[in-house]
Amino acid sequence: MNTSTPHTAPAAPLDLVIFGGVGDLSARKLLPALYMAHLHNNLPAATRIHAVGRQPWDRAAFVTFVQEKVRGFIAEKAFADATWTSFLERLHYVCADVTLAEDFHALAAALQSNSDRMYYLATAPNLFVSICAHLRGAGLVDERSRVVLEKPLGHDLASARQINDSVGQHFQEKQIFRIDHYLGKETVQNLMVLRFGNTIFEPLWRSPYIKSVQITVAESVGVESRAGFYDSTGAMRDMMQNHLLQLLCIVAMEPPVSLDPDAVRDEKLKVLRSLRPMTIADVAKDTVRGQYSAGASDGEAAVGYLQEADIPADSNTETFVALQAHINNWRWANVPIFLRTGKRMAARQSEIVIQFADLPFTIFSDSAHQSVNRLMIRLQPEEHIQLQMMAKEPGSGMKLRPVNLNLDLEAAFSERRAEAYERLLIDVIKGRLTHFMRRDELEAAWSWVEPIINGWQQLNEKPKAYTAGSWGPAASSALVAREACSWIEES
Ligand code: BG6
C-alpha cells in the first residue's frame, strides 16, 4: 500500500504589483486586505507585493510608510507582531513614472522568475492604457498574468470603451478583473443565496407582488481628502454608475444557470440592458441632484461642499443623487425602482428594501396599521436581513402591528467575515471572475447613465442644497411620495 502523501504541485510564486501603491486606496484598503490574507494563510507562500509609485523611495522608506499609514487600518484584534513582521518582508517598492517605458525595466528586474503576475491598477484611469502597453512592452504579460482595474473605469461611455479597447490589446477578457468592491461584500453575495438558495422568495420576487424596490447607499462622510477627484466625478459617476447599479443587477436578475462567471454576468447584463432609457423629460421628473450645505455630521459641525478645501466655490458637482428607474421586462414591469446615494447624509447606511404589495383588501378596518411586508437587506454599518410581517397586537380587538423576523448573520455564524477587498483579491489570485464586471456590463451601465448626466447639463440647473447630516433634498422625498412610497430610514 502506498502510504506516501499525495504529491501536489507547489503553487507558483506570485508577484502582486500595485500601481498607485502609495495612494489612498492602497493604504486604506489594499494593503490591509493583503495583510489579512497573509494572516489567514491565503497568499501563496512565495508572494511578493510590489508597490509602484513616483516617490523616489527605496524599500525601507516604503516600509516606513506602511508602518505609519497602513497599520492604523488594521483592526487591533487582527494584529500580531510576528505576522506583521513577516508581512513586511513580502513588501517591495519600485519607483517609476508609469508613462515612461524605460521605468518598467526596474519593475521587470524586481519580479521573481516564472511567477504568476497580478497587476492592480489603482491609479487614475487615464494611466491604465500606458501601464498595460508598457507592461506588454517590457515582456511582463503572459497568459497567466491578470490585471485588476479599479473604478472609475472612464468618465463616460467613450472613455470606458477606449480603456477597454486598449487594455484588451494586451490582456484577454478572462485576464481582466474589473473590480467593484460592493460585489465583494458578504451581504451582497448573500443576497444571491437568499434569492437562489431558498424557494420561498422566488415566486413572489416580481411584479405585481413587489410594489417597489429601493436601494440606498448613504454615507456620513464628506469628500474627505479627495476633493480633486470628487469634484470632477460626482455622486453619479462615483457611486451610482457602478455600486448601485451592480446592487440592482443582483436584486433584479433572472436566476443564472450556474455560478459560472459568464452565466452570472449574462443575467446582470440583461438587467442593465432592460433599464428604460431616460429622456430629458424623464431626467427632469425622475432624478434629483443634490449638494450638501453646512450642517452637522456624526455630532460635529460640518462645512458645506462649497466650503471644503480645494472645492471651487461655484462647483455644480452633485454629492447626492436620487432617481426612479424602471426595468422593462416581465418580472419588473410597473415596479418603481428607487436608487439613492449621497455624502454627508444622516447616517452611514446602505440598505436594499423590497416593499411587497399592499393588501388587496383588508378585513382589519379598525387598525391604524395596514400591511407593510418588506424585506430589508442591510449592508452597512451592520449586516442583517429583516422580514417585516404584520402580527396581532396583544389585547382586545384585532389591531395589527409590524414585527420583524430577524436574520442576524453576525450572530448566526461564528466564522470570520472578510472585508470586501480581501475576498476579491483572493478571487483574483484564484482566477475567479464571477464577482467582477465584464466589459459589456460596464458599457451597458455607462449607456444608461450617460443620457442622465447629459440631461443635467442641458437642463443646466444647480444641484439642490441639503443640510449636511440630513437625508438629502426634499425633492428626493417627493420623488418617492409620487408613487405612494417613502424612503425607509430606520436605524
Ligand atoms: C468608493 C467611492 O467606490 O466607495 C467612495 O469612490 C465611497 O466615494 C466608497 O466613499 C464607499 O465604500 P464603502 O465600502 O465604505 O461603502
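Just so it is clear, the values below take in all heavy atoms, side chains as well, and ignore hydrogens, waters and symmetry mates. For ligands, and for the atoms within them, numbers begin at 1 and follow the listed sequence. We number each residue from 1, following the sequence as shown.
The contact set between ligand 1 and Q380, taken as ligand atoms under 4.0 Å from a residue heavy atom, comprises 13 (P), 14 (O), 16 (O). In summary, the atoms of ligand 1 found under 4.0 Å from a heavy atom of K343, numbered by their order in the structure, are 5 (C), 7 (C), 8 (O), 10 (O). Each of the following atoms of ligand 1 lies closer than 4.0 Å to a heavy atom of K151: 1 (C), 2 (C), 3 (O), 6 (O). Residue K185 has at least one heavy-atom neighbour below 4.0 Å for each of these atoms of ligand 1: 13 (P), 14 (O), 16 (O). Taking every heavy atom of D238 and a limit of under 4.0 angstrom, the matching atoms of ligand 1 come to 2 (C), 5 (C), 6 (O), 8 (O).
In the displayed structure, R54 atom CZ is contacted under 6.0 Å by at most 12 heavy atoms of other residues, nucleotides or ligands.
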Run the numbers on K29 and E422 for salt bridge (Lys or Arg N to Asp or Glu O under 4.0 Å), then give the verdict.
CA-CA 8 Å; K29 300 286 185 188; E422 181 189 344; over 6 Å; no
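Checked against a 6.0 Å centroid threshold, the rings of F19 and Y120 do not count as neighbours.
Atom 8 (O) of ligand 1 has R226 NH2, 2.4 Å as its closest protein atom, hydrogens excluded (heavy atom only). Scanning all protein heavy atoms for the shortest distance to atom 7 (C) of ligand 1 gives E219 OE1, 3.4 Å.
Of the polar atoms of H243, at least one N or O is found under 3.5 Å from an N or O of ligand 1, judged by distance alone. Residue-to-ligand polar distances place Y182 within reach of ligand 1: an N/O pair is separated by less than 3.5 Å.
Residues meeting the side chain to side chain donor-acceptor pair (under 3.5 Å) test with K270, sequence neighbours left out: E267.
The proximity of E419 to ligand 1, defined as any non-hydrogen pair under 4.0 Å, does not occur for either the backbone or the side chain.
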